[in-house]
2 protein chains.
Amino acid sequence: MSTMLSTLRVEAMARARPIPGRAMEDGEARHHQIALSEDLRTLDPFSTRVRFARNETIFCEGDSSDYAFKIISGTVRLCAHTPDGRRQISDFMLPGDVFGLMERNEYGFSAEAVTDVMLVSYPRNKIDELWAKKPQVVNRVLAALVEHFLTMQRHLVVLGCQNAKERVASFLLRLSERTQSGAGERIDLSMGRQDIASHLGLTIETVCRAISELKREGAITTPNLHELILNNLGALRALAEGESED
Amino acid sequence: MSTMLSTLRVEAMARARPIPGRAMEDGEARHHQIALSEDLRTLDPFSTRVRFARNETIFCEGDSSDYAFKIISGTVRLCAHTPDGRRQISDFMLPGDVFGLMERNEYGFSAEAVTDVMLVSYPRNKIDELWAKKPQVVNRVLAALVEHFLTMQRHLVVLGCQNAKERVASFLLRLSERTQSGAGERIDLSMGRQDIASHLGLTIETVCRAISELKREGAITTPNLHELILNNLGALRALAEGESED
DNA sequence: CGACCCCTTGACATGCATCAAAGGGAGTGG
DNA sequence: CCACTCCCTTTGATGCATGTCAAGGGGTCG
């Protein structure tokens with residue numbers, strides 16, 4: 001009952017299944033995140049609001065991991081840089097997301113502001129104190145880690161198995177699931193095409209062509225550069241989930 | 001001191017730095033794994049030895065996650081299957097490795113025997129009881145999760161940024177670091193070429209060609225199909241870590 | 001010895017990267 | 001308010017790395 005990871009599983013079960021398939025998982029992800037966010041709120045007296053401008057670096061891989069961050073507004077990219085200048089964006093963080101929480105002494109990746117962002121920073125030592133006092137916080141952290149984990153695993157499949165159009169479809173679907181849970185269609189594409197490319201292991205040109213093709217097929221519409229409408233979720237899912245659509 | 005994640009970080013620090021660069025990280029990974037393995041040993045009375053034959057499925061994605069496993073001997077692949085039959089091997093598990101530990105109700109991936117394997121299975125509920133009694137076990141699990149995490153992140157870079165030869169070089173280096181920590185050269189390539197391909201997001205032919213090319217260049221030697229000698233670690237590292245080698 | 005399975009190599013096809021240039025959109029200065 | 005400029009996106013032309021298809025090679029097991 002009050003055991004450690006079992007609680008995590010109870011939490012996951014307690015949640016009524018909203019939609020079958022992937023959407024459910026994201027629902028759980030958000031659920032855990034909200035719980036975690038609540039925990040962090042008790043640290044508000046020790047937290048600081050920080051602002052970063054577009055393209056500013058929040059921290060670098062290897063920096064001493066003295067703070068965890070929660071996003072108030074804006075978008076952040078988490079990325080790894082290789083010695084020869086290539087980079088891989090492992091994920092984007094949106095408002096409400098927490099990052100830098102599960103590091104060792106040093107951050108394992110860099111964090112950069114995609115847009116102007118407002119963050120709350122929580123000092124490491126206060127976080128440690130918090131979960132020394134409240135063991136159940138550890139469960140939430142574990143839960144969040146496991147979710148993050150599944151997300152990365154899905155992304156491994158994207159990078160390992162999918163072609164350009166499928167990758168873009170996967171990306172758009174996940175973005176839509178993260179922002180509106182409903183079948184809502186309008187997506188805020190706050191990151192540039194180059195960032196999407198770096199996330200999907202493609203070039204900017206290939207991303208553009210894939211988007212254009214989806215537009216031509218009527219699956220999506222782009223009212224402007226940073227906004228996008230999903231007209232045909234079914235077609236996108238067929239692409240993203242690898243169903244042959246003959 | 002006896003706080004939760006801080007302990008994890010103390011453990012990581014306490015370890016003297018063995019070798020610079022990636023090897024250090026793997027050293028820490030092994031360290032955590034050994035600690036975790038020790039914890040599980042207290043569960044031995046409840047554990048069962050299980051044998052699986054080559055290519056047998058240990059569990060499927062979606063199965064109820066009633067057991068965690070530790071490998072005694074043999075190799076296991078963790079993989080995701082897509083509806084249309086493609087698959088992505090997220091990682092290989094070697095003797096000493098533990099898997100299935102951080103699942104929710106259901107496993108998030110499938111596990112299959114690459115070779116004949118001998119496993120120890122630990123019942124979920126006993127694990128829960130263990131870390132209800134010994135909170136420091138949770139730290140080890142967290143530490144292991146974080147390590148696993150960094151591993152996946154590095155693999156994201158491999159899949160997102162590297163070409164075929166670089167991928168194979170990365171794979172061989174990691175394998176060598178996991179098995180012998182020294183500059184040892186002989187690697188046991190227990191998995192088939194097709195499995196390597198599925199792990200690296202390539203086809204079997206491309207993997208073969210990359211290996212052949214590395215052989216031609218003298219970087220490696222293949223005494224037989226399932227054994228491989230690294231002759232030139234420097235060249236392989238240059239490839240894997242993306243240093244321009246003009 | 002033969003059959004099977006997997007690996008290896010070759011020939012060819014193609015999807016994506018690369019190179020190049022034109023097309024918006026937003027901010028700035030006249 | 002318009003024109004200019006800059007930055008990013010989009011589209012096109014071309015080349016290359018890797019996928020695909022096909023044939024042969026080598027080891028292992030019956």
Side-chain angles (χ1 to χ4, degrees), chain A residues 53-55 75 77 84-89 114-116 158-172 188-217 220-228 239 242, chain B residues 53-55 75 77 84-89 112 114-116 158-172 189-217 220-228 239 242:
Chain A
R54 184 175 127 88
N55 284 327
T75 304
R77 56 176 177 253
D84 61 345
R86 287 176 285 190
R87 68 171 184 172
Q88 172 65 31
I89 296 179
V114 170
T115 62
D116 291 357
V158 170
L159 294 186
C161 301
Q162 301 194 145
N163 65 27
K165 217 160 101 183
E166 292 167 342
R167 293 183 198 203
V168 170
S170 299
F171 173 71
L172 295 179
D188 179 38
L189 259 190
S190 53
M191 65 292 293
R193 304 290 194 262
Q194 178 59 66
D195 282 343
I196 299 176
S198 300
H199 180 52
L200 297 179
L202 301 170
T203 60
I204 184 176
E205 293 95 333
T206 302
V207 170
C208 279
R209 278 186 255 268
I211 290 178
S212 298
E213 198 169 347
L214 290 174
K215 254 170 26 182
R216 234 173 289 127
E217 294 167 358
I220 63 175
T221 318
T222 57
N224 65 64
L225 254 184
H226 293 288
E227 215 164 320
L228 193 141
L239 271 174
Chain B
R54 184 174 127 89
N55 284 326
T75 304
R77 57 176 176 253
D84 61 345
R86 288 176 284 189
R87 70 172 183 172
Q88 173 64 33
I89 296 179
E112 302 164 2
V114 170
T115 62
D116 291 358
V158 170
L159 295 185
C161 301
Q162 300 194 145
N163 64 28
K165 217 160 97 183
E166 293 167 341
R167 292 183 199 203
V168 170
S170 299
F171 173 71
L172 295 179
L189 260 190
S190 54
M191 65 292 294
R193 302 290 193 263
Q194 179 59 67
D195 281 344
I196 299 176
S198 300
H199 180 51
L200 297 179
L202 300 170
T203 59
I204 184 175
E205 294 94 335
T206 302
V207 170
C208 280
R209 279 187 255 267
I211 290 177
S212 299
E213 198 170 346
L214 290 174
K215 254 169 28 183
R216 236 173 289 128
E217 294 167 358
I220 63 174
T221 318
T222 57
N224 65 64
L225 255 185
H226 292 289
E227 214 164 319
L228 191 142
L239 271 174

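Convention: sequence-line order gives letters A, B, ...; per-chain numbering from 1.
Within the 4.0 Å cut-off from OP1 or OP2 of D:dC8, at least one side-chain nitrogen or oxygen of A:Arg54 is found. Within the structure, every side-chain polar atom (N or O) of A:Thr206 is placed at least 4.0 Å from both OP1 and OP2 of C:dC16.
B:Glu227 meets the side chain to side chain donor-acceptor pair (under 3.5 Å) test with B:Arg186, B:Asn224; sequence neighbours excluded. With sequence neighbours excluded, no residue forms a side chain to side chain donor-acceptor pair (under 3.5 Å) with A:Arg193. For the salt bridge (Lys or Arg N to Asp or Glu O under 4.0 Å) test, no residue two or more places apart in sequence or in another chain qualifies with B:Glu205. With sequence neighbours left out, the salt bridge (Lys or Arg N to Asp or Glu O under 4.0 Å) criterion links A:Arg86 to A:Asp84, B:Glu166. Partners of B:Ser212 under the side chain to side chain donor-acceptor pair (under 3.5 Å) rule, at least two apart in sequence or in another chain, do not exist in this structure. Taking B:Arg77 as the reference, B:Glu112, B:Asp195 meet the salt bridge (Lys or Arg N to Asp or Glu O under 4.0 Å) condition, with sequence neighbours excluded. Evaluation of the salt bridge (Lys or Arg N to Asp or Glu O under 4.0 Å) rule for A:Asp188 yields no partner, not counting sequence neighbours. Listed by chain and number, the residues in a side chain to side chain donor-acceptor pair (under 3.5 Å) with B:Asn163 amount to none (sequence neighbours excluded).
The CD-C1' distance, from A:Glu213 to C:dG15, rounds to 11 Å in whole Å. Atom CG in B:Leu159 sits about 15 Å away from atom C1' in D:dT18, given to the nearest Å. Straight-line distance from the CD1 atom of A:Ile211 to the C1' atom of D:dC8: 13 Å, rounded to whole Å. Rounded to an integer number of Å, the gap from A:Gln162 CD to C:dC16 C1' is 16 Å. Put simply, NE2 on A:His226 is 10 Å from C1' on D:dT9, counting in whole angstrom units.
Using a 4.5 Å heavy-atom cutoff, the side chains of B:Asp116 and B:Arg54 are in contact.
Residue A:Ala210 comes nearest to A:Lys165 through the heavy atom pair CB-CA, 4.2 Å, listed as atom of the first residue, atom of the second, then distance. Residues B:Gly160 and A:Gln88 share a closest heavy-atom pair of CA-OE1, 3.4 Å. Closest approach of A:His226 to A:Leu189, counting heavy atoms only: ND1-O, 2.8 Å. Shortest non-hydrogen contact noted between A:Leu239 and A:Ala169 is CB-CB, 3.9 Å.
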Interface polar pairs with nucleotides 15-17 of chain D, N/O, under 3.5 angstrom:
none

Show each protein N/O and nucleotides 19-25 of chain C N/O combination with a separation under 3.5 Å, one pair to a line.
unit_1	atom_1	unit_2	atom_2	d
C:dC19	N4	A:Glu205	OE2	3.0

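With DNA chain D read from its 5' end, the first of the two nearest nucleotides for A:Asn55 and B:Lys165 is the one closest to A:Asn55.
Comparing the helix axis at one end of the helix from C:dC1-D:dG30 to C:dG30-D:dC1 with that at the other, each defined from 5 consecutive pairs, gives an inter-axis angle of 30° (nearest 10°).
Scanning residues 191-204 of chain A for heavy-atom distances under 4.0 Å to DNA chain C yields A:Gly201, A:Leu202, A:Thr203.
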